[in-house]
Amino acid sequence: MAKDKIRNDRLGKLAALKQLNADPYGSRALITGMVEDVRALCPEETPEEGRASVVTVAGRVVALRDMGKSKWLDLLDRTGKIQVNLIQKRSVDIWEQAKHLDVGDFLEVTGILQKSKTGEVTIFGNSFRFLSKSLESLPAKWTGLRDVEIRYRRRYLDLIANEDSRKTFITRSRIISFIRAFLDREKFLEVETPMLQAIYGGAAARPFVTHHNALDIDLFMRISPETYLKRLLVGGLDRVYEINRNFRNEGIDTSHNPEFTMIEIYQAYADYEVMMDLTETLVSSAAREILDTTKITFGEHKIDVAAPWPRKSIHELVREVAGVNPEDDEAMKAKLASAGFAKEKLSGLDHDHLLGKVMDEIVEPTLINPTFVTHHPASLNPLCKRNRDKPELSDRFEVIVAGMELANAFSELNDPLEQRARFEAQVARADEEGYCNAVDEDYVSALEVGMPPAGGLGIGIDRLVMLLTGNPSIREVILFPTLKPRTPEELAEAMAETEEEE
RNA sequence: GCCCGCUUAGCUCAGCUGGUAGAGCAACUGACUCUUAAUCAGUAGGUCUAGGGUUCGAAUCCCUGAGCGGGUACCA
């Protein structure tokens, strides 16, 4: 195969370099700076003899133009590309090594920084050193790498070949840094709470189960850090947040990955309305800081994340968007049926679930710009405070953008007696709702010690990054999204299991 | 889970109603000291996703499986 042939050729070059006493896998490079910074040092005019500045950079060769006794190459690091020229005459002693250069190799280059005749910033190399010899050819520079399966499984190739992808992940990192800086400024404390939990809760999702050998107990990968963060409010850490992974054992699609990054933020003495202010400020200022604009193109949609965002109750939205009376179950059923839903599926739904269905199916797809959807039925979330005036509703909101749930927040229930009662009701329905596996007595007894009223907020970081980078698929913003195993050994194993099942 | 689509050289892709596989780039050899998708001349490279079937003959048609993508269901 061509692939093996290339590898053998490169192994030959590796051996040749060793013959020349050159280490193909060099160590520490003493660079002048990153490519971007070095480029900025380049003088406009060619300097006089003896006054030129000598710089050292390191990076991967991504293009090689061979002209016999001269070679031009492009060196890439995270910040950009810089052109390098090597001439036999100027670097006689290492010219033999230069003959073994390939696209893909990492080099350290030292030379004079000045523009070429065509105006390109160039390092005219006096010397270079191999930092790493590549044994596999990179994807063709011009066509890039489009095969999504290779892009996800071998993300390093994607990052080398596709600048868009590289930018997406750099932006992701900057978004997270921005959020941390923002919350630190507001005197929030970043904390870490258990990912291995004996009792899981804080959301409605099925968990991953794992096993601890020494304790000989099953543990659950957390579906949410919520109850642990609120224990910290009880402990007096009155503003906390955690950015980390949650795990939900459910379907995979363009907005769901089994492990995903959430930020949860809890602020004592606040409520859900304070969290609305926080959410729209956080997101819109992140956009302004990182994108320099609040206007975003997302798939088909033009979205503006500038604050303030409209705040609408579920009842208002059902009335305005779906055009039905939210108190009239039959009208909602008729509406859903006319939208193509099977009547037999609708008959089993109670009032609260009917409302949820109308929201999910009819209202949310129409919400493109960020919208606070408020006052969900209290029965749907046992951790959420009831609305004072309408106790059948909760003081809660979700943020919907481009039809997708971006954030979820509420005033935290801090009455331990009501909390226990709601947990018990939930466990009784656990089979159908899958909300939690047991009453979390430890959490309830924490509430009995006393938890201040608080606003709690969760934002899906992956979805926020999707929004701010204009990527309509969550796999484009997760470096290594969950995929089925594909290596020969893994495949053989998977096949064997399939056969056993049959 | 169900439905639809995709899978051909290292990469990006052609390949019609079935006639035995092609291009560009990358690679290799040679020429070339200001190129930048370098150029020029030449060479090599394939289990057409896997298995089975129909056929004189299958990348192409049929069946089964795999991976990936999209939709749908599930996910308050």
Side-chain angles (χ1 to χ4, degrees), chain A residues 1-10 12-13 46 62-74 81-90 95 102-104 114-122 124 135-153 157 160-162 203-206 223 248-256 258 314 340-342 345 349-350 352-357 359-360 376-384 394 396 398 405 408 426 429 432-435 472-473 475 481 483-487 490-492 494-495 498-499 502:
Chain A
M1 277 171 76
K3 200 178 165 184
D4 298 327
K5 187 172 164 290
I6 289 167
R7 187 163 183 276
N8 284 331
D9 286 339
R10 301 261 177 126
K13 291 177 180 178
T46 302
V62 290
L64 179 58
R65 297 177 290 281
D66 192 338
M67 304 196 52
K69 295 190 177 66
S70 160
K71 289 174 191 288
W72 299 88
L73 30 120
D74 294 340
K81 282 182 207 169
I82 193 165
Q83 180 170 262
V84 170
N85 176 251
L86 297 174
I87 300 179
Q88 181 177 21
K89 206 170 131 193
R90 190 172 4 186
W95 190 252
D102 285 304
V103 171
Q114 65 185 42
K115 291 196 170 174
S116 72
K117 275 181 187 166
T118 50
E120 179 76 28
V121 174
T122 303
F124 291 88
L135 300 181
E136 183 175 327
S137 67
L138 297 182
K141 57 178 172 278
W142 207 236
T143 53
L145 180 66
R146 282 179 218 162
D147 184 321
V148 288
E149 196 172 344
I150 300 176
R151 289 183 49 237
Y152 296 160
R153 288 187 194 280
L157 292 178
I160 294 165
N162 296 317
R206 284 185 303 177
I223 59 173
R248 297 187 183 173
N249 205 340
E250 286 168 355
I252 298 177
D253 61 33
T254 48
S255 59
H256 295 82
I314 285 187
F341 287 89
K345 281 194 180 176
L349 295 178
D350 62 23
D352 292 348
H353 285 93
L354 260 177
L355 266 182
K357 197 88 181 155
M359 282 302 297
D360 287 350
H376 303 64
S379 70
L380 297 179
N381 190 316
L383 294 158
C384 181
S394 53
R396 174 182 174 195
E398 289 179 304
E405 180 187 340
N408 180 24
Q426 202 73 34
R429 288 184 293 169
E432 52 182 290
E433 305 231 332
Y435 177 75
S473 167
R475 295 182 204 92
L483 299 174
K484 281 202 184 183
R486 223 3 180 162
T487 67
E490 288 169 332
L491 193 59
M495 299 278 276
T498 309
E499 278 164 26
E502 290 163 357

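Labels below follow one simple rule: chain letters A, B, ... track the order of the sequence lines, proteins then strands, and each chain is numbered from 1.
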Between Met359(A) and His376(A), is the side chain to side chain contact (heavy atoms under 4.5 Å, CB included) condition met? List the steps. CA-CA 10 Å; Met359(A) 282 302 297; His376(A) 303 64; over 6 Å; no
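Applying the Watson-Crick and G-U wobble criteria (two distances, each under 3.5 Å), rU64(B) pairs with rA50(B). In this structure, rA27(B) forms a base pair with rU43(B), meeting either the Watson-Crick or the G-U wobble geometry with both donor-acceptor distances under 3.5 Å. As the counterpart of rG1(B), rU72(B) is assigned, both hydrogen-bonding distances of the Watson-Crick or G-U wobble pattern falling under 3.5 Å. Using Watson-Crick or G-U wobble geometry with both donor-acceptor distances under 3.5 Å, rC13(B) finds its partner in rG22(B). Within the shown strands, nothing qualifies as a pairing partner of rA38(B) under the Watson-Crick or G-U definition with both distances less than 3.5 Å.
Considering only side-chain atoms of Lys357(A), the nucleotide from rU33(B), rG71(B), rC74(B) that sits closest is rC74(B). Closest approach to the Val148(A) side chain among rC68(B), rC75(B), rA27(B) is made by rC68(B) (side chain taken as heavy atoms from C-beta onward). Across rC11(B), rC68(B), rA27(B), the shortest atom-to-atom separation from the side chain of Arg153(A) is found for rC68(B). Proximity note for Ser70(A) (side chain, C-beta onward) versus rU33(B), rU12(B), rC68(B): the nearest is rU33(B). Distances were taken from every side-chain heavy atom of Ser116(A) (C-beta onward) to each of rC74(B), rA27(B), rU35(B); the shortest belongs to rU35(B). Closest approach to the Ala204(A) side chain among rA27(B), rC11(B), rC75(B) is made by rC75(B) (side chain taken as heavy atoms from C-beta onward). Here the nucleotide nearest the side chain of Lys484(A), chosen from rG67(B), rU35(B), rG70(B), is rG67(B). The side chain of His256(A) approaches rC75(B) more closely than any other nucleotide in the set rC75(B), rU35(B), rC74(B).
Taking Arg10(A) as the reference, Asp102(A) meet the salt bridge (charged side-chain N to carboxylate O under 4.0 Å, His left out) condition, with sequence neighbours excluded. Applying the salt bridge (charged side-chain N to carboxylate O under 4.0 Å, His left out) rule to Lys71(A) yields the partners Asp66(A); only residues at least two apart in sequence or on another chain are considered.
Partner Thr122(A) forms a side chain to side chain donor-acceptor pair (under 3.5 Å) with one of Gln83(A), Lys115(A), Gln114(A), Lys117(A) and no other, that one being Gln83(A).
Distance CD (Gln88(A)) to P (rA31(B)): 12 Å, rounded to an integer number of Å. When rounded to the nearest whole Å, the span between CD1 of Ile6(A) and P of rA9(B) equals 13 Å. Rounded to a whole Å, the CG atom of Leu64(A) is 14 Å from the C1' atom of rC28(B). Asn8(A) has its CG atom 14 Å from the C1' atom of rG10(B), to the nearest Å. Straight-line distance from the NZ atom of Lys81(A) to the P atom of rA37(B): 10 Å, rounded to whole Å. Regarding Trp72(A), its CH2 atom lies at a distance of 5 Å from the C1' atom of rU35(B), rounded to whole Å. Atom CG in Asp253(A) sits about 10 Å away from atom C1' in rU72(B), given to the nearest Å. Lys115(A) places its NZ atom 17 Å from the P atom of rU35(B), with the value rounded to the nearest Å.
Here, rA66(B) and rC11(B) have their P atoms 24 Å apart, quoted to the whole Å. To the nearest whole angstrom, the two C1' atoms, one in rU60(B) and one in rU39(B), are 39 Å apart. Atom name P, nucleotides rC68(B) and rA58(B): the rounded distance is 31 Å, in whole Å. For rA59(B) and rA26(B), the P atoms lie 30 Å apart once the distance is rounded to whole Å. Taking the C1' atoms as reference points, rU8(B) lies 8 Å from rA21(B), given to the whole Å. Atom name C1', nucleotides rC75(B) and rA50(B): the rounded distance is 34 Å, in whole Å. Nucleotides rU20(B) and rC56(B), compared at atom C1', are 13 Å apart to the nearest Å. A distance of about 30 Å separates the P atoms of rG46(B) and rU54(B), rounded to the whole Å.
Within the 4.0 angstrom heavy-atom criterion, base atoms lie near Ile87(A). Within 4.0 Å of Arg146(A), counting heavy atoms only, lie sugar-phosphate atoms of the nucleic acid but no base atom. At the heavy-atom level, Asp66(A) lies under 4.0 Å from base atoms of the strands shown. In this structure, Ile150(A) reaches the sugar-phosphate backbone alone: every heavy-atom distance under 4.0 Å involves primed, P, OP1 or OP2 atoms, never a base. Using a 4.0 Å heavy-atom criterion, one finds that Gln83(A) contacts the bases of the nucleic acid, with or without backbone contacts as well. At the heavy-atom level, Lys13(A) lies under 4.0 Å from the strands shown only through sugar-phosphate atoms. At the heavy-atom level, Arg475(A) lies under 4.0 Å from the strands shown only through sugar-phosphate atoms. Counting non-hydrogen atoms under 4.0 angstrom, Lys71(A) reaches nothing in the nucleic acid.
Each of Lys117(A) and Ile252(A) has a nearest nucleotide on RNA chain B; the 5'-most of these lies closest to Lys117(A). When each of Glu250(A) and Leu483(A) is assigned the nucleotide of RNA chain B with its nearest heavy atom, Leu483(A) is the one assigned upstream, toward the 5' end.
Shown here for Gly68(A) and Trp95(A), the closest heavy-atom pair between the two residues is O-CZ2, 3.4 Å.
Between Asp74(A) and Ile82(A), the closest side-chain pair of non-hydrogen atoms is not below 4.5 Å.
For the residue pair Arg396(A) and Asn408(A), a side-chain donor N or O sits within less than 3.5 Å of a side-chain acceptor on the partner.
In the interface, the side chain of Glu149(A) is not paired with the base of rU7(B) through any donor and acceptor atom under 3.5 Å apart.
Remark: Lys81(A) NZ is loosely packed, at most 12 non-hydrogen atoms of other residues, nucleotides or ligands lying under 6.0 Å away.
Between the Arg248(A) side chain and the Ile223(A) main chain, a donor and an acceptor come within less than 3.5 Å of each other.
In this structure, Lys5(A) does not reach the rG45(B) phosphate: none of its side-chain N or O atoms is under 4.0 Å from OP1 or OP2. Regarding contacts with the backbone of rC32(B), every side-chain N or O of Arg65(A) stays at 4.0 angstrom or more from both OP1 and OP2.
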